[in-house]
Structure formats: C-alpha cells, structure tokens
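Heads up, the thing below is written out as structure tokens.
The structure presented is a predicted model; accordingly, all values stated were derived computationally and were not measured.
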Amino acid sequence: MNNVEEKRPLNFIEQKIEDDISSGKRSKDIQLRFPPEPNGYLHIGHAKSICLNFGLAKKYNGKCNLRFDDTNPVKEDIEYVESIKEDIKWLGFNWGDTDFYASDYFDQLYEWAQKIVKKGKAYVDESSADEVAATRGTPTVPGKESPYRNRPIEENLDLLERMKNGEFPDGSKVLRAKIDMASPNMHMRDPVMYRIKHAHHHRTGDKWCIYPMYDFAHGQSDFIEGITHSLCTLEFEVHRPLYDWFLDQIIDEDCKYKVRPEQTEFARLNLNYTMMSKRLLLSLVKDNYVDGWDDPRMPTISGLRRRGYTPESVLAFADKVGVAKRENVIDVGLLEFCVREDLNKVAQRIMGVLDPIKVIIDNYPEGQTEELEAVNNPEDEGMGKRRVPFSKVLYIERDDFMEEPPKKFFRLAPGREVRLRYAYYITCKEDGVVKDKNGNITELHCTYDPETKGGQSADGRKVKATLHWVSEEHAVKAEVRLYDRLFLKEDPYDVEEGKDCMSNLNPDSLTCVTGYIEPFVKTVKKDTKFQFERLGYFCIDKSSSGDKLVINRTVTLRDSWAKISGKNN
RNA sequence: UGUCCGAUGGUGUAAUGGCAGCACUUAUGAUUUUGGUUCAUACAGUCAAGGUUCGAGUCCUUGUCGGACAGCCA
C-alpha cells in the first residue's frame, strides 16, 4: 500500500480507505467511479475529481468506472459523452473496456421502484409541481402530507405502470418515496423518485417516458457496479441519508448485488477569477462570447488543452490542491505555477518577437547570412540544438530598447552594448535612433563586434543583458493570440450576488498580434510546446493550416522586470 | 427560529493527545548567454472562552463565523 516515492501525507479519503481495509470492513478490491452528467464539457473542477477517483484506484490497485449519469434526457447529448471520454483519456486515465451509463439500469431501477411501492414505501402523487413545492415546507417549517400519500398499494402499482406506459402527460404525476414530511432534512420529505418526461434520450431513445431522479438512480447505480467508495462533493452531504434509505429498501437476501456502497463527500475545487458553473460556461458558448467549449480562455479541460497546458501540469495541480471537506478558493497562480513548472522542463526554446523594432547592423555585410547554433532547452541537453539564421536586418522586442533608460533597465539603449542571444554583442549608436514624424521609433542603427560570435567576447568583457531577436528576412509571420491571465475582471467569489457574470468578462482577455518567429517553428510538430524566451510559453493553435500559423500563449513567464517597472502582463 | 458540514500564515494542505510542517504567494540575496530556471534566506498561522490532561491544533462544553439543504436538475 505504501509506495516509497509517495511523500505526500494521506488525505482523509485515503485514510478512510486504508482504515476500511485494515478493519476488514472492505476487501482490498476497491471500486470507484467518476459519474459526470453528459450535459456539458468537463472543466478543471472535474479534473480534480477525475484525478481523485482514478488516482485512488491506481494507488490501491482497484478500479474506477466511468459512468454517465444520464437520467435527464432534456439536458444531455452524445456530443458531451464523446468530449468527456476524450478529456479523461487526455489526462491519461482509462476506465477499462466498458463505459457505464445510468440509463443502462433503467429496467432494474423500475423494478426496484415497484418493490418499494409494494412495501408501501412509495406512492404516486398527482399534485402539481407547484403544489408539491408549496407543501414541502421550508428548512425550518415541516411539510404537509400529500392527499395521495395513503393510496392503496395496488392502485399505486397500477398508476406507476400506466405512467411508464405513457398514459399521462408530463408533470401530471410523480412517484414519491413515503418517508417523513416533517423531517428536518428536506431531502427526506417524500422525495420524487420518478417524473414523467416524454423526451428522447440519447441512448434509450423513446423507450422511456419516465425518468428516475438523481437520488433514486445514483446510489443504486453504485450498488449495481459494486462501487465501494462513492465520492461526491459537499452539497450532496444532505442527500446521504436518502442515499442510504433507498439502499435499505432494495437490499435483502435475494439481492444479486452484494457490495454496499458508501458515499463520502469532499470539497469541490474553486478557482478565483474563474467561473466554473456549467450553466454559465454553456451560455458563454451559446451566446458566442467565446470560440466554443475549447476556447483557450475557458476553464474546460479541452480549453486548457488547446491553450497548451499539459496533462502532467493538471495532474500536478490536482495533487497540490489536496482534498478536504472545507470550502476553498484556490489562487489561479497555483495552476500557473504547475503549468510553468512542467513546461519549463519540456518546452522547446524558440526566439520570437511579438512587438518588433527594426535593428540594422551597420557594419554587417549587406546580403550576408550565417547560421548560428542555439540550444533547444538549457535544462535538457537531450533536446538538442538548432541553427538560427542571422543577417544585417533584425527585429528585437520593442520593450528591449529604451532611449532614456531608468537606473535598473539593463537592456539596449543608445551607446550601450548588449548580447544578441547565440549571436553577437551589438552596440546601439548614440545617434542610431530613427523615428517617424509622430516620434515613434522605427529603426535602431547598431554595430556588432565580429569577435563575439556565439555570444562570448574574447576579452572577457561582460554585458548586462541578452536579447532575443529574429532575422527580418528569414522570420516566419504568425498570428499570436495573447491570452490575459484573467478571463474575468473580478473574482466571482468576491462579486456581490446577482451580478451579471457576462458583464464581468475581462475586455483584454484576448489580444491578437503579428509575431515574427525564427524559421525553426515551421519544422516543429503541431503539438510542440515552446517558449519564446522572456515572453512566455506558447503552442500552435488547431486553427493553423497551410501557411497560416496561429499561436496561443499558454502562460507568461514570471517577469521580475514587470514588478520593478510596475508594468503588468 | 431547523438539520447537516466546516474553521491551522495572504492561499491551499499536514500534524492520528507529545518540537505547528510542506507547497503556492510575497520580499531579499547568489548563480545565469532568458529580468526565465536553479539555489539560499526571510516574513507569516491553530476562530473565541472555559474545561479534561504532566501535556490540547487535536478530546469535552458553550459561543462566534462560514457553507449546504425549500428542482418533477445533477
């Protein structure tokens, strides 16, 4: 059980599993499940749950099922099923040979419903939804019993059958459990088990027109699949007595399923500045605020993937946030740390200039080109080297030059010598700044020292800065999409209630610029992660094709100059 | 004026009655052909009051604060 490499202390769920095994309550065959409803794309919050469930299965040599909780056909779609599978695979988990679906259990569920009716523990209620709501009471006021509550069993059975057969319109009747209308727990006040929905289901088609509610489907689905530990988020805590009540009703000696599941709750993931509700994400997509579910600004797994996050970084994040029962709001900075940490190890270094200023090396021969050697990753020699073309006219980043540099600015300025990475030392001429009629700098005239080829001087003199650059003639143009750190202007957890989230979108969340990139970018594989030195981590967007190159910025580098100079981003 | 759950640095998470630790963030310094990385150092915490105990973050009592629950959603 204890792997030596695992230094992290046990979380409370791991602790529980180990206790359950050592006390003999459970065998060593641990069975978990990840149970998404296919009504939207998975997001980073689901990633936590996926890592938890599949991670636990891996750690304890158990299994983890993928089960679609598809009990509400009007919200669900096959598109979501497919995307969910793809996202889980991308994270590196597999659920064996079978996909499970709550809808596969509809027959069994119906049989159990009949059984509960026969025990006199459920009844068909003909009250309207409004009447049911009105008689349920409030958390502090007991509810009132329905006039249909004491209907004879035979009549209930008949009505239930006719509900199933489609004799009644939507909303006209429900099957309710007969528990306790005065229970302090609202969920025990005769909860609805089945409702009538004449709707097409993405898997069962038109076979059913009554569909089980979550509470009547989830625990039983766990039971059917032999789930030992059923993990869910905190808001289901108050459902647990009901979860257990339904199991109590259906479990007896004749029951062919033997393993009784147990629900354990943990706190969901919240990220500041990030909206995580499926409802809101769906409206961003439907109302075209974003490109789709995989828009790189979305906190969806597919969005993170398209933005250039690696599965390893998401896994590391899920591990670092931990698992506990208290509400939490994680700083997005932690997620960014995780992605930088991984990308720093694996990203291909490339030079690129996003806001160019032209540099002319006056003493470099016209028409001459030479290829200089550059390392692909200073942290990993195994990633090899490449050659970068150099010529008389170059681009450097506009930020890398200041006509009147403040004290702590180390980069290029009139009369100052700096290094062009892998190339030469250059010095900006005192009178080398060329401006247009508006006063904007258009060109810098510089000289280079031929003795410094490769970036080292023979006489050992030092420069305080190294600049990245591209050769104008050789550079590849690309559309570069700069995603701001924040998709939202304000932290939704700080925003007062009722505030419209759509008006909270950060107007600078996406900026498109034309970048100039060294030609090596043309030769890399499409899913390569790379780093434009000093500018951040990038990846090639899926919309690139032919000569059109579109590049997403995954995340910026930590930028200590920005702090010194007070600049953002 | 209900039931359930929770409370440890700015954030997240450990400490199973026995030295309050780790990570992120922040700050400072060293190294550096990326103002990146790496390394070092520093700042900073047990919600409150009482009780049990040789000893309490941990157990008990009371209080305070926060969250969940009133869908024929999951």
Side-chain angles (χ1 to χ4, degrees), chain A residues 7-11 15 19 35-37 39 69-72 74-76 125 127-129 132-134 136-143 170-176 183-189 191-197 210-211 213-215 217-218 232-241 265 267 272 278-279 319-331 333-338 340-341 344-345 349 351 374-375 378-379 408-411 419-423 454-456 462-468 531-536 556-565:
Chain A
K7 273 176 291 178
R8 180 176 60 72
L10 298 185
N11 63 46
Q15 188 68 60
D19 288 350
E37 182 187 14
N39 67 344
D69 226 340
D70 53 353
T71 57
N72 186 0
V74 302
K75 288 191 174 179
E76 297 155 7
D125 194 333
S127 309
S128 70
V132 170
R136 199 188 326 268
T138 70
T140 52
V141 178
D170 287 8
S172 59
K173 292 180 177 51
V174 289
L175 181 70
R176 297 177 74 180
S183 170
N185 182 340
M186 299 288 292
H187 295 278
M188 300 299 273
R189 321 240 265 227
V192 174
M193 294 164 64
Y194 270 100
R195 75 285 216 194
I196 301 172
K197 277 180 196 278
I210 58 171
Y211 291 93
M213 298 288 290
Y214 165 87
D215 286 303
H218 201 95
C232 63
T233 46
L234 248 29
E235 65 267 29
F236 292 101
E237 222 156 17
V238 282
H239 293 244
R240 184 161 15 110
E265 307 85 11
N272 58 8
K278 270 193 193 170
R279 184 180 65 82
D319 191 60
K320 281 190 203 304
V321 299
V323 182
K325 292 196 80 153
R326 80 183 77 126
E327 300 284 347
N328 59 78
V329 181
I330 311 274
D331 192 325
L334 183 62
L335 180 59
E336 293 182 343
F337 167 80
C338 291
R340 286 192 191 106
E341 186 184 43
N344 180 55
K345 284 185 276 191
R349 267 56 169 182
M351 290 193 287
V375 302
E379 320 289 310
K408 286 189 172 173
F409 185 83
F410 302 140
R411 288 169 284 192
R419 172 166 42 227
L420 293 180
R421 186 150 207 214
Y422 304 121
Q456 289 174 30
K462 304 260 193 226
V463 287
K464 290 190 91 171
T466 300
L467 308 187
H468 58 274
Q531 184 197 85
F532 290 158
E533 301 189 347
R534 284 241 325 286
L535 298 178
T556 59
L557 262 39
R558 288 176 47 138
D559 186 355
S560 42
W561 168 247
K563 281 173 203 155
I564 295 166
S565 64

How far does the [atom1] atom of [N] sit from the matching atom of [M], given to the nearest Å?
N: B:A30; M: B:U11; atom1: P; value: 32 Å
N: B:U58; M: B:U46; atom1: P; value: 13 Å
N: B:G67; M: B:G50; atom1: C1'; value: 27 Å
N: B:U8; M: B:A15; atom1: P; value: 14 Å
N: B:G21; M: B:U41; atom1: P; value: 15 Å
N: B:G29; M: B:G17; atom1: P; value: 45 Å
N: B:G51; M: B:G57; atom1: P; value: 15 Å
N: B:G12; M: B:A40; atom1: P; value: 26 Å

Hey, does [X] reach any base, or is it just sugar-phosphate, or nothing, if we go heavy atoms under 4.0 Å?
X: A:Q531; value: base
X: A:V375; value: nothing
X: A:V463; value: nothing
X: A:R240; value: nothing

Can you list the residues that meet the side chain to side chain donor-acceptor pair (under 3.5 Å) rule with [X], with sequence neighbours excluded?
X: A:T140; result: A:T138
X: A:R195; result: none
X: A:D331; result: none
X: A:T233; result: A:E235

Does one side chain, of A:S127 or A:D125, offer a donor that lies under 3.5 Å from an acceptor on the other? yes
Counting side-chain heavy atoms from CB outward, which of B:G35, B:U1, B:U34 is closest to A:R411? B:G35
Which nucleotide wins on minimum distance to the side chain of A:T140, given the candidates B:G2, B:G35, B:C5? B:G2
Under the 3.5 angstrom rule, does the side chain of A:N185 hit a backbone N or O of A:V238 as a donor-acceptor pair? yes
Are the side chain of A:R419 and the backbone of A:G455 linked by a donor-acceptor contact shorter than 3.5 Å? yes
Whole-Å gap separating [atom2] ([N]) and [atom1] ([X]):
X: A:L420; N: B:U34; atom1: CG; atom2: P; answer: 13 Å
X: A:D319; N: B:G12; atom1: CG; atom2: C1'; answer: 12 Å
X: A:I330; N: B:G10; atom1: CD1; atom2: P; answer: 16 Å
X: A:R421; N: B:G36; atom1: CZ; atom2: P; answer: 13 Å
X: A:M351; N: B:U34; atom1: CE; atom2: C1'; answer: 11 Å
X: A:R326; N: B:U46; atom1: CZ; atom2: C1'; answer: 11 Å
X: A:N328; N: B:G10; atom1: CG; atom2: C1'; answer: 15 Å
X: A:R419; N: B:U34; atom1: CZ; atom2: P; answer: 7 Å

Given protein heavy atoms under 4.0 Å, the one-letter contact record of nucleotides 64-74 of chain B, with B base, S sugar-phosphate only and - none, is simply ---SSSBSBBB
What string of B, S and - do you get for nucleotides 15-28 of chain B 5' to 3' if you count protein non-hydrogen atoms under 4.0 Å? -B------SSSSS-
How is the base pairing of RNA chain B summarised as a dot-bracket string, given the Watson-Crick and G-U wobble criteria with both distances under 3.5 Å, [ ] for crossing and | for another strand? .((((((..((((....[..)))).(((((.......)))))....(((((..]....))))))))))).....
Should A:T466 be listed as having a side-chain N or O under 4.0 Å from OP1 or OP2 of B:U32? no
Quick one: is B:G35 close enough that its OP1 or OP2 comes under 4.0 Å of any side-chain N or O from A:R534? yes
Starting at the 5' end of RNA chain B, which residue's closest nucleotide do you reach first, A:R349 or A:N11? A:N11
Where each residue is assigned the nucleotide of RNA chain B containing its nearest heavy atom, which of A:A267 and A:F410 is assigned the position nearer the 5′ end? A:A267
Checking only heavy atoms, does the side chain of A:E379 share a donor-acceptor pair with the base of B:G36 at less than 3.5 Å? yes
Run the salt bridge (charged side-chain N to carboxylate O under 4.0 Å, His left out) test against [X] and tell me which residues pass, sequence neighbours left out.
X: A:R349; result: none
X: A:R534; result: A:D400
X: A:E327; result: none
X: A:R421; result: A:E533

For A:F236, what residues pass the ring pair (Phe, Tyr, Trp, His ring centres under 6.0 Å) criterion, not counting sequence neighbours? A:Y214, A:H239
Does A:T556 reach the side chain of A:R340, with side-chain heavy atoms less than 4.5 Å apart? yes
May I ask you to decide whether A:E265 forms a salt bridge with A:R240, counting only side-chain N to carboxylate O separations under 4.0 Å? yes
Which way is the base of B:G71 turned, syn or anti, if we draw the line at 90° from 0? syn
